[in-house]
Amino acid sequence: MNNKVKIAVFASGSGSNFSALAEACKNGELNAEIVLLVTNKPDAYAIERAKKVGISALVVPPKSFESKDAYEQAILSALQESEVEWIVLAGYMRLIGPVLLSAYPSKIINIHPSLLPSFPGKDAIGQAIAHGVKVTGVTVHLVDAGMDTGPIIAQHAVDVVDGDVEKTTEAIHAVEHYLYKDALSELFSR
Ligand code: GAR
């Protein structure tokens, strides 16, 4: 039971979910260790967050590779070197391809800021507000080859706040930061 699950967190942006997960690992709420942050964006703020908590960051710009397979193969080598068991996507804005999907079958998880299957893809919160919905939410799901598809593991509804993207994003992030660790904790204990 003391064996911590080794995870890699993939992020393309701010990394608030990365930080929430790192904190949950540190305080024991999540029986896991983030062994690597992987990012496709050299300017992702998530890199600074990783540095602050002493987690290695692997920066892999896709344009440096001749194909998506070659890009994912480079990531896969690093994951295998660090003995990563699960891939946890946290604001990683790229589709996962066959190289990683076949190396980690049913072991890649994503969090998305809507009640899927509504509003997949980019800017889910903006999409929800443009659509005029009053309730949106957060989904944690297993990753397959589709865009924010794959079996749903956990969902939580969040009210749209004043039809405002910024306020609703804040409410969604607050839910994401506990829903993700709880869902992962449940998955890792299976
Ligand atoms: C989160 O809201 C996450 O759900 C979303 O990106 C944000 C990243 O925030 N992911 C997607 O939209 C995936 N399709 P963060 O960088 O502060 O963790």
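Atoms within a ligand are numbered from 1 in the order they appear, just like the ligands themselves.
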Please answer whether the main-chain N or O of [Y] pairs with a side-chain N or O of [X] as donor and acceptor at a distance below 3.5 Å.
X    : Y   : value
S82  : V84 : no
E176 : N17 : no
S12  : M93 : yes

Ring centroid separation for W86 and Y104, is it under 6.0 angstrom?
no
Under 6.0 Å between ring centres, would you say that holds for H131 and F119?
yes
With a cut-off of 4.0 Å, which atoms of ligand 1 are near a heavy atom of H112?
4 (O), 11 (C), 12 (O), 13 (C), 14 (N)
By number and element, which atoms of ligand 1 are closer than 4.0 Å to a non-hydrogen atom of S14?
16 (O), 17 (O)
Evaluate T39 against F10 for side chain to side chain contact (heavy atoms under 4.5 Å, CB included), listing each step before the verdict.
CA-CA 6 Å; T39 184; F10 286 30; over 6 Å; no
Plane angle bin for Y178 and H156 - parallel if under 30°, tilted between 30 and 60°, otherwise perpendicular:
perpendicular
For N110 and ligand 1, does the shortest N/O to N/O distance drop below 3.5 Å?
no
Check whether any N or O atom of G15, backbone or side chain, sits under 3.5 Å from an N or O atom of ligand 1, and answer yes or no.
yes
Please work out whether any backbone atom (N, CA, C, O) or any side-chain heavy atom from C-beta onward of D148 is under 4.0 Å from ligand 1, and answer side chain, backbone, both or neither.
side chain
Where's the contact between E176 and ligand 1, heavy-atom distance under 4.0 Å: side chain, backbone, both or neither?
side chain
Nearest-neighbour protein heavy atom for [atom], which is reported as residue plus atom name and distance:
atom                    : answer
atom 9 (O) of ligand 1  : H173 NE2, 3.4 Å
atom 10 (N) of ligand 1 : I111 O, 3.5 Å
atom 15 (P) of ligand 1 : S16 N, 3.4 Å
atom 8 (C) of ligand 1  : G91 CA, 3.6 Å
atom 12 (O) of ligand 1 : P113 CD, 3.3 Å

Going by atom types alone, do R49 and S14 pair a side-chain donor with an acceptor below 3.5 Å?
yes
Tell me whether ligand 1 is touched by K122 - counting only heavy atoms on the residue side and a distance under 4.0 Å.
no
